[in-house]
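To start, the structure under review is shown below, and the notes come after it.
Not measured: the values here are computed from a predicted model.
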Amino acid sequence: MIGLLCLVLALLAACTSETSGSGGPSGSGGGGAGGGGQSDAPPVAKLAVSLAANAADVPPGDPVKITVTDGTIDTVDLLTPDGKAVKGAVAGDKLSWTSSEVLGYAKTYNYTASATGTDGKKAELKGSFSTLKPAKTPRATINPADNATVGVGMPISVKFPEGKVTDKAAVEKVLAVQTSTKVEGAWAWLNDQQVDWRPKEYWPANTKVTVTAKLYGLAYGGGAYGKADLSSTFTIGRNQVVKVNTPDHKMNVYRDGSLYASYPSSNGADDNPDRNTPNGTLIVMEKDPIGDFSNPKYGYTNVMKKWAVRISNHGEFIHENNDNRANIGKANTSHGCVNLLEADAKAYFDSALIGDPVEITGSKATMPTTSDVYDWLLSWGQWQKMSAIK
């Protein structure tokens with residue numbers, strides 16, 4: 001009996017061993033180089049982001065880009081700290097995704113991307129990064145403002161009133177001027193807080209102009225970054241140019257190159273360079289129905305004159321001065337302003353636009369480049385050299 005029992009157990013053991021070694025349909029028991037090894041291989045698609053893992057101090061103006069090799073992108077989600085999706089798009093070839101909106105300062109963003117590889121397997125990428133926190137974000141301004149109509153000598157000014165710009169080239173590269181007709185012009189830095197765009201010649205009349213400044217997120221240098229993008233769309237008006245040859249004692253106004261009006265004038269005193277109406281091309285900067293011309297240096301106060309048109313920050317105006325009637329059209333006796341009779345001053349005031357050129361010749365003195373609007377006192381060659389982009 002004992003011999004028979006051992007024989008049965010031996011037969012059972014042999015049957016069990018044969019079944020295990022044959023392997024199932026999945027081949028999971030056999031190991032080696034069978035189909036099971038291929039199914040465990042990682043996806044061939046590789047996703048990558050344009051930032052380092054857990055990057056910090058990312059400039060918010062830099063686009064975020066996610067790319068794939070050996071596959072195509074399915075989805076990308078880039079989320080703000082409160083879970084809102086940042087706008088972006090997958091390229092036509094489905095090999096990349098790029099964000100299309102600027103990010104916020106000092107915020108953390110999370111991203112998730114998925115792709116399908118050439119092997120049909122899915123790949124995923126997850127991560128986060130944080131944007132920089134600027135030491136300061138000074139504001140900037142653009143002039144002319146939206147919907148303005150200005151004269152043919154009007155420059156475009158981008159100013160930074162709250163601090164100096166160190167990296168002028170970086171700022172200049174994000175400034176753009178579009179015009180309805182082709183106009184040659186250039187940017188020039190008048191100082192550390194102002195960059196102007198001036199045409200080589202006066203603007204063509206009736207030109208439509210759009211200026212954009214993509215300043216948000218831009219490093220100005222010294223820890224300062226742009227506060228906001230700026231833009232302005234304005235129109236160049238009719239062509240009107242004032243010409244004053246001071247010895248002639250008259251002011252001529254030209255429209256489209258033809259004489260439009262001529263007014264007798266008394267200009268700055270000829271024998272005193274400190275009181276001349278200085279030579280140079282200026283522009284109309286401001287218009288006031290009543291101007292205060294008090295000047296304690298010369299011993300008079302509370303002097304109010306009508307139809308005051310400022311043409312410089314050096315102190316020159318075109319205005320009414322009936323008190324000087326005896327010299328208007330005959331002698332130059334003012335302290336530097338162009339004096340007109342009241343009716344003439346009113347007529348000119350009504351015709352003038354901010355940005356109209358005023359060309360002064362014939363004086364013993366030349367206008368100094370100390371005003372914040374001295375664009376037309378420089379030759380085109382001088383102007384071009386003041387660009388920060390070489």
Side-chain angles (χ1 to χ4, degrees), residues 143-144 148-157 159 185 188 190-191 194 196-203 205 236-255 257 260-263 265-270 272-288 291 293 295 305 307-321 332 334-340 344-345 348-380 382-383 386:
N143 190 53
T149 299
V150 297
V152 296
M154 189 70 183
I156 300 168
S157 290
K159 295 183 178 181
L190 276 62
N191 54 59
Q194 179 179 348
D196 282 10
W197 193 95
R198 196 204 89 182
K200 181 179 180 180
E201 308 291 345
Y202 295 149
W203 292 97
I236 305 300
R238 77 289 173 273
N239 181 308
Q240 177 165 299
V241 180
V242 171
K243 296 187 179 184
V244 178
N245 186 52
T246 58
D248 296 343
H249 313 304
K250 63 182 178 181
M251 186 183 91
N252 292 328
V253 182
Y254 291 84
R255 285 271 180 101
Y260 174 75
S262 185
Y263 307 116
S265 66
S266 178
N267 310 305
D270 294 318
N272 185 347
D274 289 337
R275 290 179 54 184
N276 276 194
T277 305
N279 296 321
T281 298
L282 314 177
I283 65 168
V284 172
M285 299 174 61
E286 181 183 352
K287 296 170 59 178
D288 289 301
F293 293 91
N295 193 333
K305 296 298 177 183
W307 315 120
V309 177
R310 180 189 289 275
I311 57 174
S312 82
N313 277 338
H314 184 253
E316 287 72 31
F317 287 75
I318 300 169
H319 66 83
E320 163 274 325
N321 191 0
N332 290 331
S334 81
H335 285 84
C337 292
V338 178
N339 290 177
L340 304 178
D344 293 342
Y348 169 65
F349 182 95
D350 290 342
S351 78
L353 285 176
I354 304 299
D356 283 345
V358 178
E359 301 175 359
I360 310 294
T361 58
S363 295
K364 294 179 180 179
T366 298
M367 179 65 69
T369 55
T370 53
S371 169
D372 63 352
V373 181
Y374 62 88
D375 305 49
W376 294 102
L377 298 178
L378 304 175
S379 69
W380 182 239
Q382 290 174 311
W383 184 261
M386 294 166 64

>> Tell me the closest heavy-atom pair linking P144 and P155, and the distance in Å.
In response: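 For P144 versus P155, the nearest heavy atoms are CD-O, 3.8 Å.
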
> Who are the side-chain contact (heavy atoms from CB on, under 4.5 Å) partners of Y254, not counting sequence neighbours?
Replying inline: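 By the side-chain contact (heavy atoms from CB on, under 4.5 Å) rule, Y254 matches K243, N252, L259.
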
>> For a ring-ring contact (aromatic ring centres under 6.0 Å, His included) check, start with the C-alpha distance between W376 and W203, then their side-chain angles and the critical distance, and finish with the verdict.
In response: CA-CA 12 Å; W376 294 102; W203 292 97; 9.2 Å; no

Atom pair [atom1]/[atom2] of [X] and [Y] - distance to nearest 0.5 Å:
X	Y	atom1	atom2	value
R198	I156	CZ	CD1	12.5 Å
C337	E316	SG	CD	6.5 Å
N339	N267	CG	CG	8.0 Å
I354	T149	CD1	OG1	12.0 Å
I311	I318	CD1	CD1	4.5 Å
L340	Y348	CG	OH	9.0 Å

Should [X] and [Y] count as side-chain neighbours, where that means a heavy-atom distance under 4.5 Å?
X	Y	result
M285	N313	yes
T281	M367	no
W197	P199	yes
L282	L377	yes
V358	D356	no
V152	P357	yes
Y263	V253	yes
T277	V244	no

> Can you name the residues that form a side chain to side chain donor-acceptor pair (under 3.5 Å) with Y202, not counting sequence neighbours?
Replying inline: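 For Y202, the residues satisfying side chain to side chain donor-acceptor pair (under 3.5 Å) (neighbours in sequence not counted) are E359.
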
> Under the side chain to side chain donor-acceptor pair (under 3.5 Å) test, which residues partner E201, sequence neighbours left out?
Replying inline: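 With sequence neighbours excluded, E201 shows a side chain to side chain donor-acceptor pair (under 3.5 Å) to no residue whatsoever.
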
>> Can you see whether N332 engages H249 through a side-chain donor-acceptor pair at a distance of less than 3.5 angstrom?
In response: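 Side chains of N332 and H249: pair found under 3.5 Å.
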
>> Ignoring hydrogens and geometry beyond distance, is a side-chain donor-acceptor pair present between N321 and K305 at under 3.5 Å?
In response: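 The criterion, which ignores hydrogens and geometry beyond distance, is satisfied for K305 and N321.
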
> Yes or no on side chain to side chain contact (heavy atoms under 4.5 Å, CB included) for M251 and D344, after CA distance, side-chain angles and deciding distance?
Replying inline: CA-CA 10 Å; M251 186 183 91; D344 293 342; over 6 Å; no

> Where do T246 and T361 land on the side chain to side chain contact (heavy atoms under 4.5 Å, CB included) test, with the steps shown first?
Replying inline: CA-CA 6 Å; T246 58; T361 58; over 6 Å; no

> Between F317 and R310, does a side chain to side chain contact (heavy atoms under 4.5 Å, CB included) hold up when you go through it step by step?
Replying inline: CA-CA 4 Å; F317 287 75; R310 180 189 289 275; 3.4 Å; yes

Expected output: side-chain [X] to main-chain [Y] donor-acceptor under 3.5 Å:
X	Y	value
Y374	L190	yes
N245	I360	no
D288	A308	no
K287	F349	yes
Q194	N191	no

> Run the side chain to side chain contact (heavy atoms under 4.5 Å, CB included) check on R238 and L353 step by step: do they pass?
Replying inline: CA-CA 9 Å; R238 77 289 173 273; L353 285 176; 3.4 Å; yes

